[in-house]
Amino acid sequence: MKKELNRIALDINDFFRIYLRRQSETELIKPITYSLLPGGKKIRSKILTDVGKIFGISYKTLIKIGAAVECIHAYSLIHDDLPCMDNDDIRRGKLSTHKKFGEATAVLAGNSLLTMAFEILCNKNVLLTEKIKIKLIKLISKSSGHTGIAGGQLLDLSFEKKKISINKIIAMQIKKTGKLFAFCCLAPAIISNKKQKTINQLKKIGYEIGLLFQIVDDLIDYRGNSKKAGKKTKKDKKIGKATLISLLGYQNTIKYTHKLKVSIFNKLKIFGKKSDSLKKTVLFILERNR
Ligand code: IPE
Ligand code: IPE
Ligand code: MG
Ligand code: MG
Ligand code: MG
């Protein structure tokens, strides 16, 4: 698992190095590069390649789509760390982008990374038809804007210090984190023109994997190993974030993650052995501590 994740990280980072070298030398290239490289775990791209295996999509194509996803993810982290949001100084084991370059530069580097995702997907060396590319761009847009990350992030902030129901917390976490994971599950099916039934099934699987990922992120914050996590921990409680842990407690949240895993595995049965690699990634997400 670690080896596979490293390989994906290496390939995506190689893509970024070449891609960034070919961009014009603007004032924002430095903060953009700083926020992308060496970057994080690349777990969303791993999911893309796992689902890609189910449908037999070329690894090279998936790496480029993964790069677009990682741009959006990196943008969301820059903005998530801003003083007006979670106010975090450390990200991926180094100073967060606004601490290093200032707030205005961080906001604009974030905006640039968001649009760079679309630029990457439009590229002619992404060997897909224009029709498929438009479908992917539409879905990744919906996963990132007010119906996805941005909308979910606003809910996350507005829920602080309030007692929020479990269903509302889950819906918020699916928006801020689950939608981009769902994109990673859906993109390979869209590329291979799968029927609506398969698309609907994969969307649900993506939401559940993203939700699992976010709940485990909240558990990592609760447990408090900042060094391993590469970011400050034990912060959610201090800020009063509405999480399953704040509502149900630590042990019940762990139980909930195991139930989610079972639910995901049940949904993956339709893909048989082809989903083995995806199952391993789900287990990694469940057991991770960084
Ligand atoms: C952190 O995401 C933000 C959440 C959605 C919980 P990751 O844990 O994937 O961050 P990196 O990319 O590995 O740094
Ligand atoms: C962030 O969630 C989710 C995003 C969409 C960026 P968190 O605020 O819990 O992520 P960390 O803990 O700062 O990485
Ligand atoms: Mg946040
Ligand atoms: Mg945060
Ligand atoms: Mg967190």
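Because the structure is predicted, anything quoted here is derived from the model rather than measured. Every number for a ligand or one of its atoms is a count from 1 in the order of the listing. Just so it is clear, the values below take in all heavy atoms, side chains as well, and ignore hydrogens, waters and symmetry mates.
Looking only at distances, no side-chain donor or acceptor of S275 sits under 3.5 Å from a matching main-chain atom of L278.
For the pair K64 and Y19, the cation does not sit on the ring face, since its NZ or CZ is not both under 6.0 Å from the ring centre and inside 45° of the axis. Note that K261 lies in the cation-pi zone of F265, set by a 6.0 Å cut-off to the ring centre and a 45° limit from the axis. Note that R44 lies in the cation-pi zone of F213, set by a 6.0 Å cut-off to the ring centre and a 45° limit from the axis.
Of all the listed residues (R290, K41, Q214, R288), Q214 holds the heavy atom that lies closest to atom 4 (C) of ligand 1. When K179, K231, K176, K235 are checked for heavy-atom proximity to atom 2 (O) of ligand 2, K176 turns out nearest.
For atom 8 (O) of ligand 2, the closest non-hydrogen atom of the protein is D86 OD2, 2.7 Å. Given atom 3 (C) of ligand 1, the protein heavy atom at minimum distance is L77 CD2, 3.7 Å. When only non-hydrogen protein atoms are considered, atom 9 (O) of ligand 2 lies nearest to D217 OD2, 3.1 Å. The protein heavy-atom contact nearest to atom 5 (C) of ligand 1 is R44 NH2, 3.4 Å. In this structure, the protein non-hydrogen atom closest to atom 10 (O) of ligand 1 is H73 NE2, 3.3 Å. Counting protein heavy atoms only, atom 14 (O) of ligand 1 is closest to R92 NE, 2.9 Å.
Because the distance cut-off is set at 2.8 Å, D86 qualifies as a neighbour of the Mg ion (ligand 3) through one of its N, O or S atoms.
Within D80, the N/O/S atom positioned nearest the Mg ion (ligand 3) carries the name OD1.
Remark: the Q196 side chain and the N200 side chain contain an N/O donor-acceptor pair separated by less than 3.5 Å. N6 and K3 share no donor-acceptor pair across their side chains, judged by distance under 3.5 Å alone. Between the side chains of K235 and N87, no donor-acceptor pair is found at a separation under 3.5 Å.
Heavy atoms of D80 found under 4.0 angstrom from ligand 1: none, in either backbone or side chain. By the criterion of a heavy-atom distance under 4.0 Å, neither the backbone nor the side chain of E70 is placed next to ligand 1. Contact annotation for K241 and ligand 2: no heavy atom of the residue comes within less than 4.0 Å of the ligand.
Taking every heavy atom of G40 and a limit of under 4.0 angstrom, the matching atoms of ligand 1 come to 11 (P), 12 (O), 13 (O), 14 (O). Residue T177 has at least one heavy-atom neighbour below 4.0 Å for each of these atoms of ligand 1: 5 (C). Close approach to F213 involves these atoms of ligand 1, each under 4.0 Å from a residue heavy atom: 2 (O), 6 (C), 7 (P), 8 (O), 9 (O).
H79 does not count as a contact of ligand 2, since none of its heavy atoms falls under 4.0 Å from the ligand.
Using a 4.5 Å cut-off on side-chain heavy atoms (C-beta onward), I47 and C185 make contact. In this structure the side chain of L157 reaches within 4.5 angstrom of the side chain of K241, judged on heavy atoms. Residues K176 and D80 have side chains not in contact (no heavy-atom distance under 4.5 Å, counting atoms from C-beta outward).
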Could you walk me through whether K41 and R288 pass the side chain to side chain contact (heavy atoms under 4.5 Å, CB included) check?
CA-CA 11 Å; K41 297 179 285 295; R288 75 201 177 93; 3.7 Å; yes

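Considering both main-chain and side-chain atoms, S76 never comes within under 3.5 Å of ligand 2 through any nitrogen or oxygen pair.
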